[in-house]
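When a residue number appears, it is its place in the shown sequence, counting from 1. Only heavy atoms go into these numbers, but all of them, side chains included; no hydrogens, no water, no symmetry mates. Everything numeric here is computed off the predicted structure, so don't read it as measured data.
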Amino acid sequence: MFTNTRWAVRLPAIAVVAAALALCSGSAAQTTAAASKSFLWKVHAGTKVLYLAGSVHALGADSYPLSAAFENAFTASGTLMEEINLAEAESLTAAPMLLAKGMYADGRTFDGVVSKETAALVAARLKETGLPLEMIRPMKPWMVMLMLTALEAQKAGLDASLGLDKYFYDKANAARKPVLGLETAESQIDRFDKMPETVQEQMLRSTLTELETANDSLKSMVTMWQRGDTAGLEKTMLSSFGPYKSAYASLIVERNRNWMPQIEACMAKTLPCFVVVGAAHLVGPDGLLTLLRQKGYRVEQQ
């Protein structure tokens with residue numbers, strides 16, 4: 001999944017792929033060798049098991065190789081399950097669909113929808129990039145949010161092709177393992193498009209504020225991810241959802257609940273499933289780890 005550094009890991013994968021978004025900095029220190037735990041859990045249901053990995057949707061090359069726990073879990077699994085089947089995100093229709101939904105088609109404009117203050121802040125940010133202001137006039141606030149963060153990601157040299165979900169998607173294809181999607185690319189984009197414009201603007205303002213300190217936050221978050229620091233990432237990732245209850249419900253709570261039946265069904269397969277979703281979906285009171293424990297599954301961090 002970014003918008004600002006805290007929204008980063010919770011954004012749907014299609015937003016990351018289609019807009020070239022990322023979470024972690026290419027300059028983040030490699031800590032895998034020193035990590036005692038990975039951001040990976042083994043879920044037990046009697047004799048059946050399933051592996052659940054928290055993803056960073058883009059990584060620097062120095063984040064590899066991954067820990068042996070990740071590689072061993074994938075090797076032991078027969079099916080890969082991710083937020084979406086990345087074949088759909090990589091198709092020729094994904095980017096045009098994102099653009100079509102992210103643009104006004106009724107004559108409205110970005111500067112006509114948001115406050116003058118927000119429009120001025122965005123204009124100042126765009127001036128730093130050298131891009132013309134006219135470029136964003138037909139865009140909805142959520143699309144401007146993604147675009148600004150994509151620009152920031154590119155400036156930092158971040159690479160969505162190195163994300164954890166993309167890494168395992170490529171490995172699954174090479175090993176001819178089936179790949180399943182928990183939802184569609186279009187449904188992920190609709191999560192943004194159906195948010196009230198007031199919420200979209202609030203998220204955009206939050207993005208503008210946090211992009212000022214993006215690099216330090218990114219380095220800290222990727223280090224916590226590499227160390228399997230669940231408590232640290234939970235605090236960092238979920239804290240900024242406070243003012244955005246509807247966004248939290250749409251991006252995290254509803255999707256987690258929708259995914260649970262599919263995850264449970266995958267657990268019934270002969271060989272384990274290897275499930276990869278954004279790290280923010282695993283933590284907190286509404287996270288998948290909590291939901292699985294509440295249903296009686298035994299969950300063990302690897």
Side-chain angles (χ1 to χ4, degrees), residues 1-23 25-26 57-58 88-161 163 185-215 217-218 240 244 247 250-251:
M1 219 254 196
F2 58 93
T3 55
N4 56 44
T5 56
R6 290 193 182 123
W7 289 103
V9 74
R10 37 197 134 160
L11 284 195
I14 182 61
V16 179
V17 175
L21 308 180
L23 168 61
S25 169
H57 293 312
E88 185 182 2
E90 292 177 341
S91 74
L92 295 177
T93 61
M97 178 173 59
L98 179 70
L99 291 172
K101 288 181 178 289
M103 302 286 188
Y104 288 114
D106 57 5
R108 286 184 293 168
T109 62
F110 171 75
D111 54 347
V113 168
V114 301
S115 69
K116 290 182 179 180
E117 184 180 6
T118 297
L121 289 170
V122 170
R125 192 80 192 183
L126 272 184
K127 190 175 181 179
E128 296 176 8
T129 69
L131 294 176
L133 191 59
E134 284 299 309
M135 179 179 178
I136 67 163
R137 290 197 78 246
M139 292 184 182
K140 297 175 183 178
W142 67 264
M143 186 65 184
V144 174
M145 175 183 68
L146 294 183
M147 187 201 71
L148 289 176
T149 310
L151 291 171
E152 208 55 36
Q154 291 172 359
K155 186 170 72 174
L158 309 181
D159 193 349
S161 69
E186 185 170 12
S187 71
Q188 289 198 339
I189 294 171
D190 283 343
R191 290 283 171 179
F192 293 104
D193 200 35
K194 292 180 180 179
M195 286 183 184
E197 287 176 339
T198 53
V199 175
Q200 294 180 35
E201 183 174 357
Q202 288 171 353
M203 291 172 65
L204 173 58
R205 289 291 292 268
S206 178
T207 296
L208 291 167
T209 299
E210 293 209 10
L211 283 178
E212 299 298 328
T213 58
N215 284 340
S217 296
L218 290 170
S240 60
Y244 314 114
S250 178
L251 293 178

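Note that CD of Q188 is 8.5 Å distant from CD of E88, once rounded to the nearest 0.5 Å. For the atom pair CE (M97) and CD1 (I189), the distance works out to 4.0 Å, reported to the nearest 0.5 Å. From L151, atom CG reaches atom CG of L146 across 11.0 Å, with rounding to the nearest 0.5 Å. Annotation: the span from L251 atom CG to M203 atom CE amounts to 5.5 Å, rounded to 0.5 Å.
Among residues two or more places apart in sequence or in another chain, the side chain to side chain donor-acceptor pair (under 3.5 Å) test is passed with D193 by K140, W142. Taking T198 as the reference, nothing meets the side chain to side chain donor-acceptor pair (under 3.5 Å) condition, with sequence neighbours excluded. Taking E117 as the reference, R205 meet the side chain to side chain donor-acceptor pair (under 3.5 Å) condition, with sequence neighbours excluded.
E201 places no side-chain N or O within donor-acceptor distance of the main-chain N or O of P141, the cut-off being under 3.5 Å. The backbone N or O of D111 sits nowhere less than 3.5 Å from a side-chain atom of R137 that would complete a donor-acceptor pair. Proximity of a side-chain donor or acceptor of S206 to a complementary backbone N or O of Q202 within less than 3.5 Å is not detected.
In the displayed structure, M135 atom CE is contacted under 6.0 Å by at most 12 heavy atoms of other residues, nucleotides or ligands.
Partner of F192 under the side chain to side chain contact (heavy atoms under 4.5 Å, CB included) criterion, out of M143, K101, M145: M145 alone.
Contact of the L148 side chain with the L126 side chain is registered, since non-hydrogen atoms from C-beta on lie closer than 4.5 Å.
Minimum interatomic distance between V122 and F110 (heavy atoms only, all atoms of both residues): CG2-CZ, 3.8 Å.
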